[in-house]
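Hydrogens, waters and symmetry mates play no part in the numbers below; they use all other heavy atoms, side chains included. We name chains A, B, ... by the order of the sequence lines, and we start the count at 1 in each one.
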Protein chains: 2
Amino acid sequence: MVETIRFRNGRLELVDQRLLPGKFKYVKCDTPREVWFAIKDMIVRGAPAIGITGAYGVYLGIKGIRGKDTAAIVRKAKKTAEYLATSRPTARNLFWGLERMVRSAMNNRDKTPALLKQLLLREADAILDEDKRICRAIGKNGKKLVPKGARVLTHCNAGALATADYGTALGVIYSAKDKIREVLVDETRPVLQGARLTSWELVNEGINATLICDNMAAYMMSKKRVDLVVVGADRISANGDTANKIGTYSVAVNAKYHGIPFYVAAPESTFDLTLKNGSEIPIEDRDPMEVKRMGGKLITVRDIKAANPAFDVTPAKLISGIITEKGVILRPTRRRVLQILKG
Amino acid sequence: MVETIRFRNGRLELVDQRLLPGKFKYVKCDTPREVWFAIKDMIVRGAPAIGITGAYGVYLGIKGIRGKDTAAIVRKAKKTAEYLATSRPTARNLFWGLERMVRSAMNNRDKTPALLKQLLLREADAILDEDKRICRAIGKNGKKLVPKGARVLTHCNAGALATADYGTALGVIYSAKDKIREVLVDETRPVLQGARLTSWELVNEGINATLICDNMAAYMMSKKRVDLVVVGADRISANGDTANKIGTYSVAVNAKYHGIPFYVAAPESTFDLTLKNGSEIPIEDRDPMEVKRMGGKLITVRDIKAANPAFDVTPAKLISGIITEKGVILRPTRRRVLQILKG
């Protein structure tokens, strides 16, 4: 599996996902500003991955502070977290990672500056290491839901490139590899995470995969080429409503219409229990030029407007189950979400 | 409006729709082989437009025949029609146009060769002229279905570039222009007829249009930004099941889920009353490279398979009405289709 995020020689190294699959290259980040840009410009993307990236970003913000003032480090950690939180609004994991770093700084404000810095690096490392275990647990929990000979459809990329290990939705696919006959990959316009990233991962892993345009998913369902759908998530409200990459909702409506199980795979850190339902999840609107241009070239008329919501919300009632590291939340409701996460 | 198809100085001239919106250029066809390629490679596309193109193609096949043998012209017309019928399999209008030319040749087999040739050119001209009147009648019939201040979603291109006049689905939009607040344009992967052709037409006509990726349509519906959907058609079976550009079915399922009226606009020549239902409509599978490449460049990994069905079938039960030149077939069934078309 690809190592999407690594910390080496005091720098954060990220696979530049803008260039895949054409080029495989690490971008090195030394400062919070570089980390902010890496998240904003989608050098790194995928909710768990940007949670980890954000955590290291906080460390990069405090690592260079000289002097004996621990409080200055705590203040800087907070400020850096606030700054990084402005990079992208939807994925819960980013805020979760940032909050965890700030909490660690607060909890260790009695330590020496040198020790505090060390502890904060350790906290970021812990977030990365935990994500690996979480991916494996999600994969294991999801495997049971995959029937023998299954044809699975996925949208966007919730794989190794979106996490520190083999992914959430793709983790389920990797762990159930022997039972899977085919994976249909939605190309996922406008940024083509399916065509560029998921296709690359699945071909590298020797999994039988077929790329489709997003608008072909319903047709494939009508032709009985899809037995189940599994996708990742960017933020899940307390009742199970799930924000994920734009287009997920359309797949969910179509899966419902065709009687096909629709699963979400996500760690606990993607849940935002402060939100009652999905209508409260902020949806990022990105540059319309992402829709109007492809490979740097205009694909439409210059004067047309374009919409570019980066996510949509799939209501819980369309979701057969949410696969977490703690277990599967079947037919999610507020009660069942709390039962699995807190029970 | 653009003149998509014209016959000048003994040649068929077609706007090269592969190059739009970047370049506006006519391709000139002198032979059935050139016409075959123009249809196959989608220099010209849209069911009514390829019906007209096919008709002129038959004329180009017989136009150069010398000698006094009328039967030779009839034979050549038949052979040319059979040949052109192999270019693309789904749109009914192509076969309808070809059959009409063959019928005209048969009906005039007693004429002199010179007169027969003249009559066949006149038949192709008539098909083109009739299409203009048909577009206007569809526009007029569809206008009544558009509420004031409507936001309309359309998929692919069923406009001036798909017909000899202002289109079928876009004809409805053009005729109801004063009542329309906004048109959402599905980009329509993989060939991007929405992004390239419909956007170009609507901006040229000064209509408030917003381009979206196909996978955003459901999200826009959930945000109440769509009051009705109107699309074209490539073939309609006797019960109202409708083959149209891939992705139409997904839009129809989503429209149903959101309680949004879904209309098809098409001339009688798109109906294939010999087919009981949509499962009998042949669906063209095109080159997977149309999905894997964009602007000549690979957008995914070389080794992944890709599916490329060019059409899908929307069952009649998802269709609120089919707008024809003879009237609107509301909630289509076999009985209602025949009532409007034959009544």
- Message: Counting only non-hydrogen atoms closer than 4.5 Å, does L318(B) touch chain A with its backbone (N, CA, C, O), its side chain (CB onward), both, or neither?
- Response: side chain
- Query: For S250(A) and N254(B), does a side-chain donor sit closer than 3.5 Å to a side-chain acceptor?
  - Reply: yes
- Item | Atom group of L298(B) that falls short of 4.5 Å from chain A, counting heavy atoms | neither
- Note on the structure: Applying a strict 4.5 Å limit to non-hydrogen atoms, the region of M216(B) in contact with chain A is both
- Test: D272(B) and R235(B) ion pair at under 4.0 Å: yes
- Name the region of I283(A), side chain, backbone, both or neither, that has any atom closer than 4.5 Å to a heavy atom of chain B. side chain
- Among H258(A), R302(A), K297(A), residue most engaged with chain B (heavy-atom pairs, under 4.5 Å): H258(A)
- Side chain from CB out, backbone as N, CA, C, O: work out which of these in D214(B) comes under 4.5 Å of a heavy atom of chain A, or both, or neither. side chain
- Under a 4.5 Å heavy-atom cut-off, does chain A meet the side chain of Y257(B), its backbone, both or neither? side chain
- Item | Segment of N308(B) engaging chain A (4.5 angstrom heavy-atom cut-off) | both
- Item | Part of I304(B) within contact of chain A (heavy atom distance under 4.5 Å) | both
- Query: Are D41(A) and R18(A) close enough for a salt bridge, meaning some N to O gap below 4.0 Å?
  - Reply: yes
- Candidates K177(A), R225(A), R151(A) - the one meeting salt bridge (charged side-chain N to carboxylate O under 4.0 Å, His left out) with E182(A): R225(A)
- Item | Proximity breakdown for M221(B) and chain A, heavy-atom pairs closer than 4.5 Å | neither
